[in-house]
Amino acid sequence: MYENETFSNESTSGYQTAVALKDGWYVLCSSEELGSQPIRRFLHGEPLVLFRDSHGQPGVLLDRCPHRNVPLSRGRIRGGDLECAYHGWRFDKQGRCREIPCLQRDSSDAEDKLRAAPCFQSCEKDGYIWAYAAIDTKPDHEPPKLAYTQDSDYSVLRTHRTMECSIHAAVENALDVPHTRFVHGGLFRSGSRRMVEVIVRRWYDRVEAEYVGESCPKGLLGRLIAPGGGVVRHFDRFILPCIAQVEYILGASTHLVATVAFTPRADFRTSMFGTVALRTRLSQLPWPLNQSNCVLGNVLKPLGLAILNQDRDILYAQRENIHQFKSEEYCSTELDTLGCAALQLLRSAANGKLNPDMEPRTQRFRMHA
């Protein structure tokens, strides 16, 4: 089941990595997707309706009219309010019912509360529409900033895919080095290997792995980014509740940062909204000599999408096997550190057991990469 197929909220009781973390911001769509008409999206299995008010500001409500349960996403925008397609009730972006056609009397405060549509705090940032996952909650922090998306020295590529897996499986896949040789062999890595040191740093809300002494990836993508090869500085990071980031630094001129915001549409269906920021020697040249946007869009983008499709296929196979066996079983080594640490963070956050006073921890080991 892929992006253009009908969504179904399957029962996932008994699965171990399906974590519904409501305390956080998630991307629902790109800014361009949200135009003059309401659209429907899913978050943690719940249908939401997105729309813009008369000032162009985004609003996110539960996609169910409190009057007769009709999806509000079937309606239209009237004067900046969202009008239900069934009886014309209108709601503002805070979920307040602003008008009931033909009703001639004033309503009481109690009636106003009953008629309100549950609201999700929302904002527009870095080219995306974000929503805070808890209903009728005012968060005490903003969505994370996506690295280098507003920096003129970097060319930026955006992509969107939906993976048939839990948010943990998607995060683990994005940050997992060993699988690249087998799933992406030739595109991203080749068979050659060298010993590198891995430094894993943990904080209460994030985990980072630094790979010391790693060669530039030998696959086609690596040769295009850094044709001269060499040793890179490589960092992989997971930041609660949904950010995975991969960073490559090669000398003073080449810098690539891929940041992915994962959105759990359901327990085992996750959307990924990726931004790749790239600075090369071409980026330093004056226009029209600067062709880095052309390289990123016309050359690197097709290769990146091919890699994402390979990941999507392997994650779909993993999910189907989990459903077939009706359980998940894992046997891990230190190579799986980031995946295990990300799951631990997700579970701790979902259970309210994060400790901001936790001292940072560091772990070291060696691996072939």
Side-chain angles (χ1 to χ4, degrees), residues 12 14-24 26 144 163-184 189 193 195-212 214 234-247 258-264 267-270 272 311-312 314-323 325-369:
T12 55
Y15 294 111
Q16 300 173 7
T17 62
V19 180
L21 180 55
K22 301 296 183 74
D23 184 18
Y26 297 93
M163 308 293 197
E164 301 299 325
C165 62
S166 69
I167 187 172
H168 166 260
V171 167
E172 182 177 53
N173 171 265
L175 303 178
D176 177 59
V177 171
H179 90 277
T180 58
R181 191 178 317 280
F182 303 97
V183 178
H184 312 307
R189 292 184 189 271
R193 299 183 295 173
M195 187 69 71
V196 301
E197 182 182 19
V198 185
I199 306 172
V200 180
R201 304 178 180 93
R202 302 185 190 216
W203 296 266
Y204 83 97
D205 65 342
R206 65 192 64 200
V207 60
E208 173 188 88
E210 178 182 1
Y211 298 85
V212 180
E214 180 181 355
H234 172 195
F235 299 86
D236 289 342
R237 304 179 182 96
F238 172 64
I239 306 167
L240 282 172
C242 63
I243 300 295
Q245 187 175 81
V246 177
E247 179 176 14
T259 306
V260 182
F262 289 104
T263 299
D267 282 353
F268 277 76
R269 195 166 208 235
T270 301
M272 57 154 292
D311 281 331
R312 186 170 68 169
I314 202 72
L315 289 170
Y316 180 71
Q318 179 192 53
R319 171 210 138 126
E320 287 298 285
N321 224 29
I322 289 170
H323 283 9
F325 283 99
K326 303 187 186 305
S327 66
E328 297 180 78
E329 295 184 9
Y330 296 97
C331 178
S332 300
T333 72
E334 61 268 25
L335 298 179
D336 305 297
T337 297
L338 284 185
C340 294
L343 181 58
Q344 183 180 36
L345 284 173
L346 287 166
R347 285 174 171 167
S348 295
N351 294 326
K353 294 183 178 180
L354 290 179
N355 179 15
D357 297 324
M358 185 192 91
E359 292 291 328
R361 291 178 291 171
T362 301
Q363 170 190 358
R364 296 172 182 263
F365 64 90
R366 297 180 68 80
M367 64 175 285
H368 285 101

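In terms of heavy-atom proximity, V177 sits nearest to T180 at O-OG1, 2.7 Å. Considering all non-hydrogen atoms of both residues, A244 and A174 come closest at CB-CB, 4.2 Å. Heavy-atom minimum distance, A341 versus R202: CB-NH1, 3.8 Å. Nearest heavy-atom pair, C331 versus D336, reported as atom, atom and distance to 0.1 Å: O-OD2, 4.4 Å.
Under the 30°/60° scheme for interplanar angles, the aromatic rings of Y211 and H234 are found to lie parallel.
Between the side chain of N173 and the backbone N or O of A170, no donor-acceptor pair lies under 3.5 Å. Using a distance-only test at 3.5 Å, with no hydrogens or angles considered, no donor-acceptor pair links the side chain of H168 to the main chain of A342. Remark: the backbone N or O of P360 is not paired with any side-chain donor or acceptor of R201 at under 3.5 angstrom. In terms of modelled atom types and a separation under 3.5 Å, the side chain of T337 and the main chain of E334 share a donor-acceptor contact. With hydrogens and angles disregarded, no donor-acceptor distance shorter than 3.5 Å links the side chain of N351 to the backbone of K353. Using modelled atom types, one side-chain atom of T270 and one backbone atom of I167 make a donor-acceptor pair closer than 3.5 Å.
From Y204, atom OH reaches atom CG of N355 across 9.5 Å, with rounding to the nearest 0.5 Å. Residue S166 holds its OG atom at 10.5 Å from CZ of F262, rounded to the nearest 0.5 Å. Between the CG atom in L240 and the CG atom in L345 there is a gap of 5.0 Å [rounded to 0.5 Å]. Taking CD of E320 as the reference point, atom SG of C165 lies at 12.0 Å (rounded to 0.5 Å). One distance of note links CG of L315 with CE of M163; it measures 6.0 Å at 0.5 Å rounding. One distance of note links CH2 of W203 with CD of E359; it measures 13.0 Å at 0.5 Å rounding.
Looking only at side-chain heavy atoms (C-beta outward), L338 and D176 stay at 4.5 Å or farther from each other. Put simply, the side chain of V171 does not reach to within 4.5 Å of the side chain of L343, judged on heavy atoms. M367 is listed as a side-chain neighbour of V196, based on a closest heavy-atom distance under 4.5 Å. Between E164 and R312 the shortest side-chain heavy-atom distance does not fall below 4.5 Å. A 4.5 Å side-chain heavy-atom check between T362 and I199 finds at least one atom pair inside the cut-off. At a threshold of 4.5 Å between non-hydrogen side-chain atoms, the residues V207 and L175 do not count as touching.
Between the side chains of H323 and N321, no donor-acceptor pair of N or O atoms lies under 3.5 Å. Y330 and E328 form a side-chain donor-acceptor contact under 3.5 Å, judged by distance and modelled atom types alone.
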### Task
Verify side chain to side chain contact (heavy atoms under 4.5 Å, CB included) between L346 and F238, making sure each step is shown before the conclusion.
CA-CA 10 Å; L346 287 166; F238 172 64; 4.1 Å; yes
Between H179 and I314, does a side chain to side chain contact (heavy atoms under 4.5 Å, CB included) hold up when you go through it step by step?
-> CA-CA 10 Å; H179 90 277; I314 202 72; 5.6 Å; no
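Atom CG of L335 has more than 12 neighbouring heavy atoms from other residues, nucleotides or ligands inside a 6.0 Å radius.
A search for side chain to side chain donor-acceptor pair (under 3.5 Å) contacts involving R237 returns E208, Q245, E247, not counting sequence neighbours.
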